[in-house]
Amino acid sequence: MAVGQPFDTVKVGLRGSHVYMHNTSSSQARLQTDGLLDGKKTYRGAYHCFSHIVKHEGPRALFKGMAAPLLGMAALNSLVFGVHGNLMIVFQARADGPDTTPGLKYSFISGCVAGFVQTVISSTTELIKLRLQFQKDRTDLIPRSLHHHHHSKGHTETRVYSGPWDAARKIYQREGLLRGIGRGYWVTCLRDVPAFGFYFGTYDYMCRWRLRQKGLGHIDELSPGFICVAGGMGGTISWISSYPVDVVKSRYQIDGMGSGTYRYSSGVDCFRQTSREGWRAFFAGLSPTLCRAFPVNAVTFVTVAVILREWRKFRSNGS
Ligand SMILES: NC(=[NH2+])NCCC[C@H](N)C(=O)O
């Protein structure tokens, strides 16, 4: 999580258009939403965004908005892996055999269902994270209308939200429950249902291929090194497949922040307006996203695999 957050902040802000275990890095967030505040692009690319944030806002700015996803992360991963794993048992297609074709379809479907279930949590935690990542801690980057305390000159009281709880409260008070807290829920579904299908589908495909290649019979026999590669690939393919929707989601979820005036009338309208900037806008921040996705998901999958393996060992010894 902490490993990935700076990448995520750069993602949200890098041109055209947003690091932790959970979802997006600071660089990712900044890149996806760059120019939305004043029409001017701030960042020339992923590395420029990263160093610009460190230079002007300090290294701490890279970890903005990390608390909300950190809180949600453990719950989210147990939910996602729990739903997927149990559905696979229901389908009797557990990834413990080398047969690729029948089981793979079920892994994809179970992933889609798991992705859908977790949107209830991820939509809101990401909304809060995105808005914290988007706000810049420099006076000259914030429009005058957002300066709350005109008299406190010299004081840089320019931030819309002071932290995740303050953000949650203000979003609820100013924008309401469905239109505020629930902002971007359907766009999140559109991203996460296929994203988690590809997430588990890719991982299972690689594991089954490896079992066949090595002539092994159970996923517990695979090496932790291979699990890392398969998990990293799962995260990578998942992010590539859902990235344009993620850009739309980031832009849509930060829209109206602080000012109360909205640029987009709906998620579809956000897509339409973004496409006027050219197709490249839909890939803004992809590089920091992928820098984060591989290691974060390698660690996620190997952790789950080791826990499951030890638990199966313990259970079979006990009985
Ligand atoms: N595009 C997605 N949300 N894909 C699912 C990946 C989830 C994973 N926890 C990650 O943050 O990378």
Side-chain angles (χ1 to χ4, degrees), residues 1-12 18-29 32 65-66 68-85 107-108 110-127 129-130 133 184-204 206 227-250 252-253 282-305:
M1 167 93 188
V3 177
Q5 188 70 11
F7 295 114
D8 193 69
T9 293
V10 175
K11 164 192 167 192
V12 177
H18 134 88
V19 192
Y20 54 79
M21 202 78 177
H22 166 71
N23 226 307
T24 34
S25 61
S26 294
S27 338
Q28 182 183 348
Q32 291 179 331
M66 201 173 79
L70 196 61
L71 276 173
M73 188 193 75
L76 219 50
N77 276 332
S78 37
L79 192 65
V80 165
F81 282 84
V83 171
H84 178 269
S107 190
F108 185 86
S110 303
C112 290
V113 176
F116 177 68
V117 170
Q118 61 86 54
T119 54
V120 179
I121 300 172
S122 70
S123 172
T124 303
T125 55
E126 285 191 33
L127 170 81
K129 180 218 64 161
L130 279 165
Q133 287 176 320
Y185 178 73
W186 294 113
V187 187
T188 305
C189 290
L190 195 64
R191 182 196 68 177
D192 285 353
V193 170
F196 279 93
F198 284 111
Y199 189 60
F200 286 103
T202 304
Y203 173 77
D204 273 0
M206 289 188 69
I227 300 289
C228 285
V229 174
M233 283 306 292
T236 303
I237 300 292
S238 168
W239 274 106
I240 292 174
S241 67
S242 60
Y243 202 77
V245 183
D246 186 58
V247 172
V248 172
K249 175 186 159 294
S250 294
Y252 188 64
Q253 287 194 313
F282 292 109
F283 295 93
L286 182 61
S287 57
T289 303
L290 298 183
C291 287
R292 169 196 163 278
F294 195 97
V296 164
N297 291 295
V299 170
T300 304
F301 272 99
V302 83
T303 304
V304 173

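Remember, it's 1-based here, ligands and their atoms both numbered in the order they're listed. Nothing fancy with the numbering, it's 1 onward along the sequence.
When heavy-atom distances to ligand 1 are checked against a 4.0 Å cut-off, Asp192 comes that close only through its side chain, counted from C-beta outward.
Of the possible polar contacts, none joining the Tyr185 side chain to the Thr119 backbone as a donor-acceptor pair under 3.5 Å is found. Under the 3.5 Å distance criterion, the side-chain polar atoms of Thr124 are left unmatched by any main-chain donor or acceptor of Ile121.
For the pair Trp239 and Arg191, the minimum side-chain heavy-atom distance is below 4.5 Å.
Shown in contact with Trp239 at under 4.0 Å from a heavy atom are these atoms of ligand 1, numbered in order with element: 1 (N), 2 (C), 3 (N), 6 (C), 10 (C), 12 (O). Atom numbering of ligand 1 starts at 1 in the shown order; those under 4.0 Å from a heavy atom of Ser242 are 1 (N). Here is the list of ligand 1 atoms found below 4.0 Å of a heavy atom in Phe196: 5 (C), 7 (C). Per-residue contacts place Asn297 under 4.0 angstrom from the following atoms of ligand 1 (heavy atoms of the residue considered): 8 (C), 9 (N), 10 (C), 12 (O). Shown in contact with Ala195 at under 4.0 Å from a heavy atom are these atoms of ligand 1, numbered in order with element: 1 (N), 2 (C), 4 (N).
Around atom CZ of Phe116, no more than 12 heavy atoms belonging to other residues, nucleotides or ligands sit under 6.0 Å away.
Between the side chains of Tyr199 and Asn297, a donor-acceptor pair is found at a separation under 3.5 Å.
The distance between the ring centers of Phe108 and Phe198 falls below 6.0 angstrom.
By the 4.0 Å heavy-atom criterion, Gly235 is excluded from the residues contacting ligand 1.
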